[in-house]
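Computed from a predicted structure; not experimentally measured.
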Amino acid sequence: MMQRTLFAGNWLDKTFKVSLVLKGLDGLLELVGGILFLLVPPDRIGSLVRVITQHELIEDPGDLVANALRDAAGAMTVSASIFAAVYLLLHGLVKIVLVWAVLRDKLWAYPWMIAFLLAFIVYQGYQMAVAFSWAMALLTVFDIFIVWLTWHEYGAHKTRSADPAEDPRRRQA
């Protein structure tokens, strides 16, 4: 029997799997961030952000990212911290579960992955309409790309499921 590896397949399959792994790592970072928002009080987050951005703001007092981080951390309340924690924990957990299921070739996970990403693309579009940021734009483009890849792989997966003889991973050597 052929040995199946995570990154076997053509360039599109490999690109899809690498993108999924990146999404999974993003989900893991969101889980860590959510836990930190639960464990670290807002005033400590503000202090940490001030320490982290201090050097950059000495060099460039007009730095957009450092100033935005300081403003956001300075406005952080307990309720905002809890909202951020719950959002990051749920978002990260859903990403990890869906990425795991898609990488395990669970057919049910493909439409859920597409729907989940489309919902966040809509939300990200709203966020960009309110306050444009290049980071959000790049994330949105990446998510659109993953939706397209997931749709493509879902169709290929359904074809393989309908005709196991067409699946090179299931052929005997």
**Asked** About how many Å separate CD of Glu153 and CG of Asp13, when rounded to the nearest 0.5 Å?
**Response** 4.5 Å
**Request:** Before giving the answer on side-chain hydrogen bond (donor to acceptor under 3.5 Å, both in side chains), spell out for Ser47 and Arg44 the whole-Å C-alpha distance, their side-chain angles and the decisive distance to 0.1 Å.
**Result:** CA-CA 5 Å; Ser47 298; Arg44 301 276 298 194; over 6 Å; no
**Fill in**
Which of Val102, Leu98, Thr15 passes side chain to side chain contact (heavy atoms under 4.5 Å, CB included) with Leu20? It is Val102
**Prompt:** Is there a donor-acceptor contact under 3.5 Å from the side chain of Asn67 to the main chain of Pro61?
**Reply:** yes
**Prompt:** Quick one: are Glu30 and Tyr87 in side-chain contact, heavy atoms under 4.5 Å?
**Reply:** no
**Request:** Give the minimum heavy-atom separation between Leu107 and Pro111, together with the two atoms involved.
**Result:** O-CD, 3.3 Å
**Asked** Is the number of heavy atoms from other residues, nucleotides or ligands within 6.0 Å of CD1 (Ile58) greater than 12?
**Response** yes
**Message:** Side chains of Phe37 and Pro42, heavy atoms from C-beta outward: is any pair under 4.5 Å?
**Reply:** no
**Request:** Working to the nearest 0.5 Å, report the span between CD1 of Ile52 and CG of Leu57.
**Result:** 12.0 Å
**Request:** With rounding to the nearest 0.5 Å, note down the distance linking CG in Leu48 to CG in Asp43.
**Result:** 11.5 Å
**Ala109 to Ala101 - nearest heavy-atom pair and separation** = CB-CB, 3.4 Å
**Prompt:** Is Ile114 reachable from Leu139 through a run of hydrophobic residues whose side-chain heavy atoms are each under 4.5 Å from the next?
**Reply:** no
**Message:** Treating Asp26 as the side-chain partner and Leu22 as the backbone partner, does any N or O pair qualify as donor plus acceptor under 3.5 Å?
**Reply:** no
**Request:** For the pair His91 (side chain) and Gly27 (backbone), establish whether a donor and an acceptor sit closer than 3.5 Å, ignoring hydrogens and angles.
**Result:** no
**Prompt:** Taking only residues two or more places apart in sequence, or in another chain, which ones meet Gln127 in a side chain to side chain donor-acceptor pair (under 3.5 Å)?
**Reply:** Tyr123
**Asked** So do the side chains of Thr140 and Ile144 get within less than 4.5 Å of each other, counting heavy atoms only?
**Response** yes
**Prompt:** Under 6.0 Å from the OH atom of Tyr126, do we count more than 12 heavy atoms belonging to anything else shown?
**Reply:** no
**Item:** Pairwise side-chain contact, Leu38 with Leu89, heavy-atom cut-off 4.5 Å (strictly under)
**Value:** yes
**Prompt:** Would you say Leu118 and Trp108 are hydrophobically clustered, going by side-chain heavy atoms of ILVMFWY under 4.5 Å?
**Reply:** yes
**Message:** Do Val147 and Met113 have side chains that approach each other closer than 4.5 Å (heavy atoms only, starting at C-beta)?
**Reply:** no
**Prompt:** Side-chain heavy atoms under 4.5 angstrom apart, residues restricted to Ile, Leu, Val, Met, Phe, Trp, Tyr: same cluster for Val18 and Trp11?
**Reply:** yes
**Asked** Got His157 and Asp105 here, is their nearest side-chain heavy-atom distance under 4.5 Å?
**Response** yes
**Passing option when Tyr154 is tested against Trp112, Trp148, Tyr110 for ring pair (Phe, Tyr, Trp, His ring centres under 6.0 Å)** = Tyr110
**Request:** Mark yes when over 12 heavy atoms from residues, nucleotides or ligands other than Phe83 sit less than 6.0 Å from its CZ; otherwise mark no.
**Result:** no
**Message:** Quick check against the 3.5 Å criterion: does Arg70 have a side-chain atom that pairs as donor or acceptor with the backbone of Arg50?
**Reply:** yes
**Message:** Is it the case that the ring center of Phe16 lies less than 6.0 angstrom away from the ring center of His152?
**Reply:** no
**Prompt:** In Å, rounded to the nearest 0.5 Å, how long is the span from CD1 of Ile146 to CZ of Phe116?
**Reply:** 11.0 Å
**Prompt:** Is there a chain of hydrophobic side chains (I, L, V, M, F, W, Y, each step under 4.5 Å between heavy atoms) that links Leu29 to Val65?
**Reply:** no
**Prompt:** Ile35 and Ile96: same hydrophobic cluster, using ILVMFWY side-chain contacts below 4.5 Å?
**Reply:** yes
**Prompt:** Do you know the tightest heavy-atom contact between Asp63 and Ala66?
**Reply:** OD1-N, 2.7 Å
**Asked** Are Leu88 and Leu31 side-chain neighbours, meaning at least one heavy-atom pair lies under 4.5 Å?
**Response** no
**Prompt:** Between Asn10 and Leu12, which heavy-atom pair has the shortest distance, and what is it?
**Reply:** OD1-N, 2.9 Å
**Contact check, side chains of Asp60 and Glu56, non-hydrogen atoms, under 4.5 Å** = yes
**Asked** Checking Ser81 side chain against Thr77 main chain: does a donor-acceptor pair fall under 3.5 Å?
**Response** no
**Prompt:** Can you tell me how far the CG atom of Leu117 sits from the OG1 atom of Thr150, to the nearest 0.5 Å?
**Reply:** 6.5 Å
**Complete:** Rounded to the nearest 0.5 angstrom, the NZ-NZ distance for Lys95 and Lys23 is 4.0 Å
